[in-house]
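Here's the structure, in C-alpha coordinates; my notes come after.
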Number of protein chains: 2
Amino acid sequence: MSQLLSLRDRKRTETWAALHDAAARLTLESGPDRVTTDAIAAQANVSARTFFNYFGTKEDAILGLQDPSIDENWLTAFNVETNLLDQVSRLLVHVVHSTEGGGDGESLRMEVVQQFPQLRQRRVAYFLKVEQLVRDVVTEGITASAKWADVAQHHRAEDISRMIVLIAGAPMRYAMQESAHAPTLDNQFAALSSAISLLREVLPEIQ
Amino acid sequence: MSQLLSLRDRKRTETWAALHDAAARLTLESGPDRVTTDAIAAQANVSARTFFNYFGTKEDAILGLQDPSIDENWLTAFNVETNLLDQVSRLLVHVVHSTEGGGDGESLRMEVVQQFPQLRQRRVAYFLKVEQLVRDVVTEGITASAKWADVAQHHRAEDISRMIVLIAGAPMRYAMQESAHAPTLDNQFAALSSAISLLREVLPEIQ
DNA sequence: TTACACAACTGCAAATTTGCGGCCCTGCAC
DNA sequence: GTGCAGGGCCGCAAATTTGCAGTTGTGTAA
(Lines give C-alpha, C1' and ligand atoms only; values in the text may rest on other atoms or scores of the structure.)
Protein backbone atom coordinates (compact mmCIF):
# COMPACT_ATOMS: atom_id res chain seq x y z
CA MET A 1 0.00 0.00 0.00
CA SER A 2 1.05 3.57 -0.40
CA GLN A 3 2.34 4.20 3.09
CA LEU A 4 3.20 7.82 2.40
CA LEU A 5 0.65 9.07 4.88
CA SER A 6 -0.23 7.60 8.22
CA LEU A 7 -3.80 6.48 8.67
CA ARG A 8 -4.31 9.53 10.84
CA ASP A 9 -3.05 11.92 8.18
CA ARG A 10 -4.99 10.19 5.45
CA LYS A 11 -8.23 10.47 7.37
CA ARG A 12 -7.54 14.11 8.16
CA THR A 13 -7.09 14.81 4.47
CA GLU A 14 -10.26 12.89 3.62
CA THR A 15 -12.31 14.78 6.18
CA TRP A 16 -10.99 18.08 4.93
CA ALA A 17 -11.87 17.16 1.38
CA ALA A 18 -15.29 15.83 2.37
CA LEU A 19 -16.13 19.09 4.11
CA HIS A 20 -14.87 21.27 1.30
CA ASP A 21 -16.64 19.17 -1.26
CA ALA A 22 -19.90 19.22 0.68
CA ALA A 23 -19.64 22.97 1.19
CA ALA A 24 -18.97 23.67 -2.49
CA ARG A 25 -21.65 21.32 -3.74
CA LEU A 26 -24.35 22.56 -1.42
CA THR A 27 -23.41 26.13 -2.25
CA LEU A 28 -23.73 25.42 -5.95
CA GLU A 29 -27.22 24.12 -5.28
CA SER A 30 -28.54 26.86 -3.06
CA GLY A 31 -26.04 29.69 -2.77
CA PRO A 32 -23.73 30.42 0.12
CA ASP A 33 -26.37 32.04 2.30
CA ARG A 34 -28.90 29.26 2.13
CA VAL A 35 -26.35 26.68 3.22
CA THR A 36 -25.73 26.15 6.93
CA THR A 37 -22.58 24.83 8.53
CA ASP A 38 -24.76 22.16 10.10
CA ALA A 39 -25.86 20.94 6.70
CA ILE A 40 -22.29 20.86 5.45
CA ALA A 41 -21.14 18.87 8.45
CA ALA A 42 -24.03 16.44 8.07
CA GLN A 43 -23.28 15.95 4.40
CA ALA A 44 -19.65 15.25 5.26
CA ASN A 45 -20.73 12.86 8.00
CA VAL A 46 -19.02 14.68 10.86
CA SER A 47 -20.33 16.70 13.77
CA ALA A 48 -21.07 20.39 13.50
CA ARG A 49 -18.21 21.03 15.87
CA THR A 50 -15.71 19.19 13.75
CA PHE A 51 -16.52 21.53 10.91
CA PHE A 52 -14.92 24.34 12.84
CA ASN A 53 -11.94 22.20 13.68
CA TYR A 54 -11.13 22.32 9.98
CA PHE A 55 -12.37 25.71 8.80
CA GLY A 56 -12.50 29.05 10.55
CA THR A 57 -15.45 30.25 8.52
CA LYS A 58 -18.10 28.84 6.27
CA GLU A 59 -16.65 30.68 3.31
CA ASP A 60 -13.25 29.15 3.88
CA ALA A 61 -14.88 25.74 3.62
CA ILE A 62 -16.70 26.66 0.42
CA LEU A 63 -13.50 27.93 -1.13
CA GLY A 64 -11.30 25.26 0.41
CA LEU A 65 -8.95 27.71 2.05
CA GLN A 66 -6.50 26.78 4.76
CA ASP A 67 -4.25 29.06 6.74
CA PRO A 68 -1.36 29.60 4.35
CA SER A 69 1.91 28.01 5.31
CA ILE A 70 5.25 27.28 3.69
CA ASP A 71 6.87 23.89 3.38
CA GLU A 72 10.10 23.45 5.27
CA ASN A 73 11.84 22.52 2.03
CA TRP A 74 10.93 25.71 0.29
CA LEU A 75 11.96 27.70 3.31
CA THR A 76 15.45 26.28 3.52
CA ALA A 77 15.95 26.59 -0.24
CA PHE A 78 14.90 30.22 -0.20
CA ASN A 79 17.80 32.60 -0.74
CA VAL A 80 17.44 36.36 -1.11
CA GLU A 81 20.79 36.80 -2.78
CA THR A 82 19.96 35.48 -6.25
CA ASN A 83 16.99 35.29 -8.57
CA LEU A 84 14.77 36.88 -6.03
CA LEU A 85 12.01 37.67 -8.49
CA ASP A 86 11.75 34.09 -9.65
CA GLN A 87 11.85 32.72 -6.17
CA VAL A 88 9.21 34.99 -4.74
CA SER A 89 6.90 34.45 -7.69
CA ARG A 90 7.18 30.72 -7.41
CA LEU A 91 6.89 30.83 -3.65
CA LEU A 92 3.63 32.71 -3.92
CA VAL A 93 2.18 30.16 -6.31
CA HIS A 94 3.46 27.31 -4.22
CA VAL A 95 1.81 28.59 -1.07
CA VAL A 96 -1.48 29.21 -2.82
CA HIS A 97 -1.46 25.78 -4.36
CA SER A 98 -0.42 23.87 -1.32
CA THR A 99 -2.92 25.53 1.00
CA GLU A 100 -5.87 25.98 -1.30
CA GLY A 101 -6.54 22.27 -1.63
CA GLY A 102 -4.87 21.78 -4.99
CA GLY A 103 -6.65 18.46 -5.48
CA ASP A 104 -9.99 17.60 -7.03
CA GLY A 105 -12.21 20.39 -5.82
CA GLU A 106 -10.36 22.67 -8.21
CA SER A 107 -13.05 23.01 -10.82
CA LEU A 108 -15.80 22.97 -8.22
CA ARG A 109 -14.14 25.88 -6.52
CA MET A 110 -13.74 27.74 -9.80
CA GLU A 111 -17.41 27.30 -10.54
CA VAL A 112 -18.43 28.51 -7.12
CA VAL A 113 -16.33 31.63 -7.37
CA GLN A 114 -17.68 32.31 -10.82
CA GLN A 115 -21.23 31.85 -9.62
CA PHE A 116 -21.08 33.83 -6.42
CA PRO A 117 -18.86 36.89 -6.73
CA GLN A 118 -19.44 37.82 -3.12
CA LEU A 119 -16.96 35.06 -2.26
CA ARG A 120 -14.19 36.82 -4.15
CA GLN A 121 -13.71 39.18 -1.29
CA ARG A 122 -12.73 36.27 0.89
CA ARG A 123 -10.38 35.01 -1.76
CA VAL A 124 -8.72 38.39 -1.90
CA ALA A 125 -8.32 38.42 1.86
CA TYR A 126 -6.73 35.02 1.56
CA PHE A 127 -4.25 36.22 -1.05
CA LEU A 128 -3.38 39.12 1.22
CA LYS A 129 -2.55 36.65 3.95
CA VAL A 130 -0.39 34.67 1.56
CA GLU A 131 1.46 37.80 0.56
CA GLN A 132 1.92 38.78 4.18
CA LEU A 133 3.42 35.39 4.89
CA VAL A 134 5.82 35.63 1.98
CA ARG A 135 6.69 39.21 2.89
CA ASP A 136 7.73 38.04 6.33
CA VAL A 137 10.04 35.48 4.80
CA VAL A 138 11.58 38.01 2.46
CA THR A 139 11.97 40.54 5.23
CA GLU A 140 13.77 38.04 7.38
CA GLY A 141 16.06 37.10 4.51
CA ILE A 142 16.90 40.68 3.70
CA THR A 143 17.59 41.55 7.30
CA ALA A 144 20.09 38.74 7.53
CA SER A 145 21.70 39.38 4.14
CA ALA A 146 24.95 41.28 3.61
CA LYS A 147 24.06 41.90 -0.02
CA TRP A 148 21.00 43.91 0.97
CA ALA A 149 22.69 45.87 3.74
CA ASP A 150 23.17 48.91 1.47
CA VAL A 151 19.58 49.23 0.42
CA ALA A 152 18.47 48.48 3.94
CA GLN A 153 20.45 51.52 5.00
CA HIS A 154 17.91 53.77 3.34
CA HIS A 155 14.69 51.80 3.59
CA ARG A 156 13.10 49.57 6.15
CA ALA A 157 13.35 45.88 5.32
CA GLU A 158 9.55 45.68 5.57
CA ASP A 159 9.14 48.27 2.86
CA ILE A 160 11.70 46.62 0.61
CA SER A 161 10.03 43.25 0.80
CA ARG A 162 6.63 44.82 0.36
CA MET A 163 7.79 46.28 -2.93
CA ILE A 164 9.40 43.04 -4.04
CA VAL A 165 6.34 40.93 -3.27
CA LEU A 166 4.18 43.49 -5.01
CA ILE A 167 6.21 43.11 -8.19
CA ALA A 168 6.56 39.36 -7.90
CA GLY A 169 2.84 39.07 -7.32
CA ALA A 170 2.09 40.35 -10.79
CA PRO A 171 3.14 37.13 -12.54
CA MET A 172 1.04 35.13 -10.14
CA ARG A 173 -2.09 37.12 -10.84
CA TYR A 174 -1.30 37.06 -14.52
CA ALA A 175 -0.76 33.29 -14.42
CA MET A 176 -4.00 32.69 -12.59
CA GLN A 177 -5.95 34.56 -15.23
CA GLU A 178 -4.18 32.65 -17.98
CA SER A 179 -4.78 29.24 -16.45
CA ALA A 180 -8.27 29.96 -15.24
CA HIS A 181 -9.83 27.92 -18.01
CA ALA A 182 -7.59 24.85 -17.65
CA PRO A 183 -6.69 24.95 -14.03
CA THR A 184 -4.26 22.07 -13.68
CA LEU A 185 -1.07 22.37 -11.77
CA ASP A 186 1.01 22.09 -14.94
CA ASN A 187 -0.94 24.84 -16.57
CA GLN A 188 -0.44 27.07 -13.56
CA PHE A 189 3.28 26.59 -13.64
CA ALA A 190 3.55 26.98 -17.37
CA ALA A 191 1.56 30.17 -17.22
CA LEU A 192 3.69 31.38 -14.35
CA SER A 193 6.91 30.78 -16.21
CA SER A 194 5.78 32.67 -19.24
CA ALA A 195 4.46 35.43 -17.01
CA ILE A 196 7.82 35.76 -15.34
CA SER A 197 9.51 35.96 -18.73
CA LEU A 198 7.09 38.64 -19.73
CA LEU A 199 7.79 40.57 -16.57
CA ARG A 200 11.51 40.36 -17.26
CA GLU A 201 10.97 41.90 -20.66
CA VAL A 202 8.64 44.56 -19.42
CA LEU A 203 10.63 45.69 -16.43
CA PRO A 204 13.53 47.31 -18.31
CA GLU A 205 11.16 49.19 -20.55
CA ILE A 206 9.38 50.99 -17.76
CA GLN A 207 12.18 52.23 -15.61
CA MET B 1 -33.76 12.76 10.12
CA SER B 2 -34.04 9.77 12.39
CA GLN B 3 -32.43 11.26 15.47
CA LEU B 4 -32.73 8.04 17.44
CA LEU B 5 -28.99 7.72 17.79
CA SER B 6 -26.46 10.44 18.35
CA LEU B 7 -23.80 10.83 15.69
CA ARG B 8 -21.37 9.27 18.11
CA ASP B 9 -23.53 6.21 18.66
CA ARG B 10 -24.29 5.88 15.00
CA LYS B 11 -20.63 5.92 14.07
CA ARG B 12 -19.83 3.43 16.81
CA THR B 13 -22.43 1.10 15.37
CA GLU B 14 -21.10 1.61 11.86
CA THR B 15 -17.54 0.88 12.90
CA TRP B 16 -18.64 -2.25 14.73
CA ALA B 17 -20.55 -3.43 11.67
CA ALA B 18 -17.67 -2.57 9.33
CA LEU B 19 -15.27 -4.64 11.41
CA HIS B 20 -17.61 -7.58 11.74
CA ASP B 21 -18.43 -7.46 8.07
CA ALA B 22 -14.79 -7.27 7.06
CA ALA B 23 -13.90 -10.11 9.40
CA ALA B 24 -16.68 -12.34 8.11
CA ARG B 25 -16.04 -11.59 4.46
CA LEU B 26 -12.29 -12.10 4.66
CA THR B 27 -12.84 -15.29 6.60
CA LEU B 28 -15.19 -16.58 3.95
CA GLU B 29 -12.48 -15.92 1.39
CA SER B 30 -9.54 -17.44 3.17
CA GLY B 31 -10.61 -19.11 6.37
CA PRO B 32 -10.23 -17.83 9.91
CA ASP B 33 -6.56 -18.69 10.22
CA ARG B 34 -5.40 -17.01 7.06
CA VAL B 35 -6.98 -13.69 8.04
CA THR B 36 -5.05 -11.29 10.25
CA THR B 37 -6.53 -8.70 12.56
CA ASP B 38 -4.46 -6.15 10.68
CA ALA B 39 -6.15 -7.04 7.42
CA ILE B 40 -9.58 -6.81 9.02
CA ALA B 41 -8.83 -3.40 10.45
CA ALA B 42 -7.47 -2.18 7.13
CA GLN B 43 -10.54 -3.43 5.29
CA ALA B 44 -12.74 -1.62 7.81
CA ASN B 45 -10.63 1.51 7.45
CA VAL B 46 -9.61 1.81 11.08
CA SER B 47 -6.34 1.25 12.87
CA ALA B 48 -5.24 -2.14 14.09
CA ARG B 49 -5.58 -0.89 17.62
CA THR B 50 -9.18 0.16 17.16
CA PHE B 51 -10.00 -3.39 16.20
CA PHE B 52 -9.30 -4.45 19.76
CA ASN B 53 -11.35 -1.59 21.11
CA TYR B 54 -14.35 -3.35 19.62
CA PHE B 55 -13.57 -7.05 19.85
CA GLY B 56 -11.67 -9.01 22.41
CA THR B 57 -10.67 -11.72 19.97
CA LYS B 58 -10.51 -12.20 16.23
CA GLU B 59 -13.18 -14.88 16.45
CA ASP B 60 -15.57 -12.55 18.20
CA ALA B 61 -15.20 -10.18 15.28
CA ILE B 62 -15.81 -12.93 12.74
CA LEU B 63 -18.92 -14.06 14.58
CA GLY B 64 -20.01 -10.57 15.52
CA LEU B 65 -20.18 -11.28 19.22
CA GLN B 66 -20.36 -8.61 21.84
CA ASP B 67 -20.34 -9.03 25.56
CA PRO B 68 -23.93 -9.94 26.26
CA SER B 69 -25.99 -7.35 28.09
CA ILE B 70 -29.63 -6.71 28.87
CA ASP B 71 -31.61 -3.62 27.97
CA GLU B 72 -32.80 -1.53 30.85
CA ASN B 73 -36.37 -1.93 29.65
CA TRP B 74 -36.29 -5.68 29.72
CA LEU B 75 -34.70 -5.61 33.13
CA THR B 76 -37.38 -3.47 34.72
CA ALA B 77 -40.15 -5.45 33.04
CA PHE B 78 -38.72 -8.72 34.29
CA ASN B 79 -40.78 -10.26 37.06
CA VAL B 80 -40.14 -13.68 38.58
CA GLU B 81 -43.62 -14.02 39.99
CA THR B 82 -45.51 -14.83 36.80
CA ASN B 83 -44.93 -16.55 33.49
CA LEU B 84 -41.33 -17.17 34.34
CA LEU B 85 -40.80 -19.72 31.61
CA ASP B 86 -41.98 -17.37 28.90
CA GLN B 87 -39.99 -14.51 30.26
CA VAL B 88 -36.72 -16.34 30.56
CA SER B 89 -37.08 -17.90 27.13
CA ARG B 90 -37.74 -14.57 25.52
CA LEU B 91 -35.04 -12.90 27.55
CA LEU B 92 -32.50 -15.38 26.29
CA VAL B 93 -33.46 -14.79 22.70
CA HIS B 94 -33.50 -11.06 23.22
CA VAL B 95 -30.02 -10.99 24.66
CA VAL B 96 -28.64 -13.15 21.89
CA HIS B 97 -30.26 -11.03 19.23
CA SER B 98 -29.35 -7.66 20.67
CA THR B 99 -25.72 -8.53 21.28
CA GLU B 100 -25.01 -10.71 18.32
CA GLY B 101 -25.46 -7.92 15.79
CA GLY B 102 -28.97 -8.80 14.74
CA GLY B 103 -28.66 -6.66 11.63
CA ASP B 104 -27.41 -7.48 8.15
CA GLY B 105 -24.45 -9.70 8.88
CA GLU B 106 -26.93 -12.38 9.88
CA SER B 107 -26.64 -14.56 6.82
CA LEU B 108 -22.93 -13.85 6.52
CA ARG B 109 -22.46 -15.10 10.04
CA MET B 110 -24.56 -18.17 9.36
CA GLU B 111 -22.47 -18.95 6.35
CA VAL B 112 -19.24 -18.54 8.24
CA VAL B 113 -20.35 -20.82 11.04
CA GLN B 114 -21.51 -23.39 8.54
CA GLN B 115 -18.23 -23.21 6.69
CA PHE B 116 -15.85 -23.29 9.61
CA PRO B 117 -17.11 -25.51 12.41
CA GLN B 118 -14.14 -24.67 14.57
CA LEU B 119 -15.87 -21.37 15.29
CA ARG B 120 -18.81 -23.13 16.90
CA GLN B 121 -16.86 -23.63 20.05
CA ARG B 122 -16.67 -19.88 20.44
CA ARG B 123 -20.36 -19.58 19.80
CA VAL B 124 -21.08 -22.11 22.50
CA ALA B 125 -18.91 -20.18 24.94
CA TYR B 126 -20.89 -17.12 24.03
CA PHE B 127 -24.19 -18.82 24.74
CA LEU B 128 -22.85 -19.91 28.09
CA LYS B 129 -22.08 -16.32 28.92
CA VAL B 130 -25.58 -15.32 27.89
CA GLU B 131 -27.05 -17.97 30.11
CA GLN B 132 -24.85 -16.90 32.99
CA LEU B 133 -26.07 -13.35 32.58
CA VAL B 134 -29.70 -14.41 32.56
CA ARG B 135 -29.12 -16.73 35.49
CA ASP B 136 -27.82 -13.80 37.51
CA VAL B 137 -30.96 -11.85 36.78
CA VAL B 138 -33.20 -14.75 37.74
CA THR B 139 -31.22 -15.39 40.88
CA GLU B 140 -31.56 -11.81 41.95
CA GLY B 141 -35.28 -11.86 41.27
CA ILE B 142 -35.81 -15.04 43.21
CA THR B 143 -33.80 -13.85 46.15
CA ALA B 144 -35.97 -10.75 46.42
CA SER B 145 -39.26 -12.55 45.82
CA ALA B 146 -41.65 -13.61 48.58
CA LYS B 147 -43.31 -16.11 46.29
CA TRP B 148 -40.09 -18.05 45.96
CA ALA B 149 -39.15 -17.93 49.60
CA ASP B 150 -40.45 -21.45 50.22
CA VAL B 151 -38.48 -23.13 47.50
CA ALA B 152 -35.46 -21.06 48.40
CA GLN B 153 -35.69 -22.59 51.83
CA HIS B 154 -34.53 -25.89 50.47
CA HIS B 155 -32.33 -24.91 47.52
CA ARG B 156 -29.87 -22.20 46.83
CA ALA B 157 -31.24 -19.46 44.57
CA GLU B 158 -28.33 -20.09 42.18
CA ASP B 159 -29.39 -23.70 41.74
CA ILE B 160 -33.02 -22.80 41.24
CA SER B 161 -32.25 -20.30 38.54
CA ARG B 162 -29.78 -22.66 36.94
CA MET B 163 -32.54 -25.22 36.55
CA ILE B 164 -35.00 -22.64 35.25
CA VAL B 165 -32.62 -21.28 32.66
CA LEU B 166 -31.74 -24.79 31.63
CA ILE B 167 -35.39 -25.55 30.93
CA ALA B 168 -36.11 -22.20 29.35
CA GLY B 169 -33.06 -22.59 27.17
CA ALA B 170 -34.56 -25.54 25.39
CA PRO B 171 -37.06 -23.47 23.41
CA MET B 172 -34.28 -21.13 22.37
CA ARG B 173 -32.11 -23.90 21.03
CA TYR B 174 -35.14 -25.47 19.42
CA ALA B 175 -36.11 -22.16 17.84
CA MET B 176 -32.64 -21.56 16.52
CA GLN B 177 -32.62 -24.88 14.77
CA GLU B 178 -36.06 -24.23 13.33
CA SER B 179 -35.22 -20.78 12.04
CA ALA B 180 -31.73 -21.64 10.91
CA HIS B 181 -32.75 -21.69 7.29
CA ALA B 182 -34.71 -18.43 7.30
CA PRO B 183 -32.99 -16.46 9.97
CA THR B 184 -35.04 -13.31 10.16
CA LEU B 185 -36.09 -11.83 13.44
CA ASP B 186 -39.73 -12.63 12.81
CA ASN B 187 -38.90 -16.23 12.09
CA GLN B 188 -36.90 -16.48 15.26
CA PHE B 189 -39.76 -15.19 17.34
CA ALA B 190 -42.36 -17.33 15.61
CA ALA B 191 -40.23 -20.40 16.09
CA LEU B 192 -39.66 -19.43 19.69
CA SER B 193 -43.36 -19.07 20.40
CA SER B 194 -44.20 -22.45 18.96
CA ALA B 195 -41.29 -23.96 20.83
CA ILE B 196 -42.58 -22.57 24.08
CA SER B 197 -46.01 -24.00 23.35
CA LEU B 198 -44.44 -27.32 22.66
CA LEU B 199 -42.53 -27.18 25.91
CA ARG B 200 -45.75 -26.42 27.77
CA GLU B 201 -47.32 -29.50 26.34
CA VAL B 202 -44.34 -31.71 26.96
CA LEU B 203 -43.63 -30.65 30.51
CA PRO B 204 -46.73 -32.15 32.15
CA GLU B 205 -46.13 -35.43 30.40
CA ILE B 206 -42.70 -36.00 31.78
CA GLN B 207 -43.11 -35.20 35.43
C1' DT C 1 -39.04 48.99 19.26
C1' DT C 2 -38.89 44.65 21.53
C1' DA C 3 -38.71 39.83 21.50
C1' DC C 4 -37.15 36.05 19.56
C1' DA C 5 -35.62 32.44 16.38
C1' DC C 6 -31.65 31.18 13.81
C1' DA C 7 -27.12 30.57 12.42
C1' DA C 8 -22.01 31.48 12.85
C1' DC C 9 -18.59 30.51 15.83
C1' DT C 10 -15.94 29.23 20.45
C1' DG C 11 -14.35 26.89 24.91
C1' DC C 12 -14.11 22.80 27.29
C1' DA C 13 -14.63 18.13 29.00
C1' DA C 14 -15.58 13.52 27.74
C1' DA C 15 -15.41 9.81 24.29
C1' DT C 16 -12.95 7.72 20.59
C1' DT C 17 -9.09 6.67 17.57
C1' DT C 18 -4.42 6.26 16.60
C1' DG C 19 0.52 5.15 17.08
C1' DC C 20 3.70 2.74 19.38
C1' DG C 21 6.14 -0.16 22.42
C1' DG C 22 5.77 -4.45 24.52
C1' DC C 23 4.42 -9.21 25.99
C1' DC C 24 3.48 -13.91 24.76
C1' DC C 25 3.00 -17.75 21.87
C1' DT C 26 3.72 -20.53 17.69
C1' DG C 27 5.72 -22.22 13.52
C1' DC C 28 9.65 -22.58 10.89
C1' DA C 29 14.53 -22.07 9.13
C1' DC C 30 19.04 -23.13 10.51
C1' DG D 1 16.95 -26.87 19.82
C1' DT D 2 17.78 -22.28 19.11
C1' DG D 3 16.77 -18.08 17.12
C1' DC D 4 13.59 -15.38 15.07
C1' DA D 5 9.77 -13.54 12.42
C1' DG D 6 4.82 -13.13 12.54
C1' DG D 7 0.53 -12.46 14.63
C1' DG D 8 -2.72 -11.90 18.67
C1' DC D 9 -3.45 -8.83 22.14
C1' DC D 10 -2.81 -4.97 25.81
C1' DG D 11 -1.39 -0.34 28.16
C1' DC D 12 -0.79 4.29 27.59
C1' DA D 13 -0.20 8.96 25.82
C1' DA D 14 -1.30 12.01 22.16
C1' DA D 15 -4.46 13.42 18.48
C1' DT D 16 -9.09 13.86 17.01
C1' DT D 17 -14.10 14.01 17.33
C1' DT D 18 -18.19 14.84 19.68
C1' DG D 19 -21.68 17.01 22.69
C1' DC D 20 -23.00 20.85 24.92
C1' DA D 21 -23.45 25.15 26.69
C1' DG D 22 -22.56 29.41 25.61
C1' DT D 23 -21.83 34.39 22.96
C1' DT D 24 -22.74 37.30 19.18
C1' DG D 25 -24.99 39.24 15.31
C1' DT D 26 -28.91 39.51 12.20
C1' DG D 27 -33.50 39.15 10.21
C1' DT D 28 -38.19 39.48 11.29
C1' DA D 29 -42.85 39.06 13.30
C1' DA D 30 -45.56 41.26 16.74
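So you know, we letter chains A, B, ... as the sequences are listed, proteins then strands, and number each from 1. Predicted model only: the values in this text are computed from it and were never measured.
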Nearest-angstrom distance from the residue atom CZ of B/F51 to C1' of D/dG11: 18 Å
So do the side chains of B/L7 and A/N45 get within less than 4.5 Å of each other, counting heavy atoms only? yes
From CZ of A/F52 over to P of D/dG22, roughly how many Å is that when rounded to an integer? 18 Å
Nearest-nucleotide wise, let me know which of A/R12 and B/D9 is further upstream toward the 5' end of DNA chain D. A/R12
D/dT18 C1' sits how many Å from B/K11 NZ, rounded? 9 Å
A/K58 backbone acceptor or donor facing A/T37 side chain under 3.5 Å: no
Carboxylate-amine/guanidinium contact A/R12 A/D9, below 4.0 Å: no
Need two values: the first and the last nucleotide of DNA chain C, 5' to 3', having an atom under 4.0 Å from any heavy-atom of chain B. C/dA14 to C/dC20
Students often mix this up, so state it plainly: with edges at 30° and 60°, are the rings of B/H94 and B/W74 parallel, tilted or perpendicular? parallel
Using a strict 4.0 Å threshold on nitrogen-to-oxygen distance, state whether B/R10 and B/E14 make a salt bridge. yes
Using the side chain to side chain contact (heavy atoms under 4.5 Å, CB included) rule, pick out the option among A/Y54, A/F55, A/Y126 that qualifies with A/D60. A/F55
Judged by each residue's nearest nucleotide on DNA chain C, which is more toward the 5′ side, B/R8 or A/R8? B/R8
Neighbour count above 12 (heavy atom, 6.0 Å) for A/R162 CZ: no
For A/R49 and D/dT23, what is the distance between atoms CZ and C1' respectively, to the nearest whole Å? 13 Å
Report the residue (B/N53 or A/P32) whose heavy-atom-nearest nucleotide on DNA chain C is the more 5′ of the two. A/P32
Would you classify B/F55 as touching base, sugar-phosphate or nothing, given that sugar-phosphate means primed atoms plus P, OP1 and OP2, and contacts are heavy atoms under 4.0 Å? nothing
Which residues within residues 33-48 of chain B lie with some heavy atom under 4.0 Å of an atom in DNA chain C? B/V46, B/S47
Hey, is the main chain of B/E158 close enough, under 3.5 Å, to the side chain of B/S161 for a donor-acceptor pair? yes
Taking the side chain as everything from C-beta on, heavy atoms only, tell me whether B/F51 gets closer than 4.5 Å to B/V46. no
